[in-house]
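Below is one structure, written out as structure tokens; the observations come after it.
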Amino acid sequence: MSTETPVDAPDDGVEAQASTESTSTDFIREKVIADNASGRFSQRVQTRFPPEPNGYLHIGHAKAINLNFSVAAEFGGTCNLRFDDTNPEGEDQEYIDGIQEDLAWLGYTPSGPALYASDYFQQLYDWAEELIGKGLAYVDDQDAETISTQRGGFGKPGIESPYRDRSPEENLGLFRGMRDGQFADGEKVLRAKIDMQSENMQLRDPIMYRIKRVPHHRTDDQWIIYPTYDWAHGQSDAIEGVTHSLCTLEFTDNRTLYDWYLSQLDLPYEQPEQTEYARLGLTYTPMSKRVFARLVNDGLVDGWDDPRMPTLRGLRRRGYPPSAIRAFVNKVGIARTNSTTEIELLESFVRTELNRTSLRRMAVLRPLKVVITNWPEGEERQLEAINNPEDHSAGTRTVSFGPELWIEQDDFKLEPPPKYYRLSIGREVRLRAGFYITATDVDTDPDGNPTTVYCTYDPESEGGSTPDGRKVKATIHWVSAQHAVGGTVNLYDRLFSDPHPGEGGTDPLDSVNPDSRETLTNVRLEAALADVAPGQVVQFERLGYFAVDLDDPSVFHRTVGLRDEWANIQKRQNKAQNKGKHSNKDSNKGANKDAATN
RNA sequence: UCGCGGGUAGUUCAACUGGCAGAACACCAGACUUUGAAUCUGGGGGUUGCAGGUUCGAGCCCUGCCCCGCGAGCCA
């Protein structure tokens, strides 16, 4: 954690992006510019990030956070964190704390202390009485099912409640009774009196208050009636002085109601304006707190901070730099089009950032023993290795070299396939930061798998080149057997195998990838990897970026692999082979797949 | 069925508001290389959902259609 903390101050982050990233704008910023030009809101810009504290933040929230904070920063405005805590069921102080931690980690600082919709409960209540007094709200005695039925359907009119025309006096008495505990949970609700014939369902006498004898994490048992989202949100915005209330597309129909409530009240404030944009969609990634909660509760992952989770905490543990997440959501942009971004774009931002900043280290994940047969008896060498070729200020380190080494099993082949140019008998490769070695012999186990490779080294090749200037095709990583340290390395694959989990009404959990984590315990790490800070991300050369676990520094999580051309070559070779061998089978399979998806 | 929103390379977005349809990521090829990484260069890719109309000129304006998403919680 220590190394991950405030790399950059939030304002720097926002401003740096605003100036270095594309200068193109979006419809929301254009709207703000237009508002400022017309003098609306007196040139004031105030946004807010309003999560409900009933779960942890995920990458989708990062888009909302970036939007709200960036817009405020770009126009000299403010942006607060407001907890939309109007429904105590599922809400918890744990999430309030967690959300604030995650927000800070991402690199944003609210303009003031955290705000809470629950702080406005009294004001909201008073305003409700005001609406009742104006004959614009009434207490309904019917149950949820009846009210739902009477609401009608798309293209069908609704039916007015028989309690709709109670007098303001009666309504006031009943509403106070609701507040004072005279009725059971669900026995009565307060409804706005709008239009049961509206083709916008939100306007068919929406619920403003429901009775819930559930203790609230902040107000405890002070209230047993709680305002609904629609009744609370716009008024909370107005109380705080929000000008631009940004939310996602599914609230589009609610905007009319948002405006209606605000226009009925005698507010001493400017009326805020709601604008909707598309939420973030990511391939292979459901974006739903409900789904994440099931993953956690069903034990499919270790918790909300499991490195496979798209939660901010998960990504942090996984080693995703907050700056990469910010750059990503910034690049995705803001539009009203429902869209799903390829997760590769996110990973590309992670690689770009980590390539620049992470120290290089050598780690052998699937070890194969190498014996240098012509190494001078009893000698040991300290070699100098560059810490980061992208950043020379990162300096160098020494790595120990001796007669017995570990290399990656993948880096030696008994029978090298076409285009493979790593080690095999008779071939010479370079050891990274070390010597050239040539394989001369190999031991195998009864199954024919190599167990020890015997090599000779060229004493003149130290530093990576020889006086005769001969070239080697491959450079491989290695670790001295005498000096290697152990550890645990977690390799991760996508948590979901379907690019669009849950598509077509299926259960997203049906496509959970059972092999999303592979834990390797028989790894050999260079000695420097015993000295790392929790949360630090290093590059294991030729393999990928790996984050030191936040709690156990001997555990590494693969953040993301390096681009791997050899893997692509192999994939293409396999494909070509299969095509040649089973062309009929394959084309049938393809046709079926197409039919299934169409 | 009704209302609202949306449709521009594989993906996400641009296109100075009617003037030669671009970028990033992805993909392919080459160069370079002590990471098959990074970096650099180049390339393939589009009937701007479809059909009409207005205009010298339409991704943008008009008409009709098609497709996708959201909306009938006392969730947010």
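In what follows, every chain begins at residue 1, and chains take the letters A, B, ... in the order their sequences are listed.
- Put simply, CZ on A/Arg210 is 9 Å from C1' on B/G73, counting in whole angstrom units.
- In this structure, the ring of A/Tyr436 has its center no less than 6.0 angstrom from the ring center of A/Tyr457.
- Atom C1' of nucleotide B/G73 and atom CG of A/Asp143 are separated by 14 Å, given to the nearest angstrom.
- One can place CG of A/Asp564 at 11 Å from P of B/C27, the figure rounded to the nearest angstrom.
- For A/Asn330 and B/C25, the CG to P distance is 15 Å, given to the nearest whole Å.
- When the nearest nucleotides of RNA chain B are assigned to A/Thr340 and A/Tyr421 by heavy-atom distance, the more 5′-ward of the two goes with A/Thr340.
- Under the 4.0 Å criterion applied to side-chain N and carboxylate O atoms, A/Glu408 and A/Arg422 are not assigned as salt-bridge partners.
- Along RNA chain B, the nucleotide closest to A/Leu562 and the one closest to A/Thr341 are compared, and the more 5′ of them pairs with A/Thr341.
- Using a 4.5 Å heavy-atom threshold, the side chains of A/Arg361 and A/Leu525 count as separate.
- Remark: aromatic rings of A/Tyr258 and A/Phe251 are distant, center separation not under 6.0 Å.
- With its glycosidic angle within 90° of 0, B/U17 adopts the syn conformation.
- The separation between A/Met201 atom CE and B/G3 atom C1' is 8 Å, rounded to whole Å.
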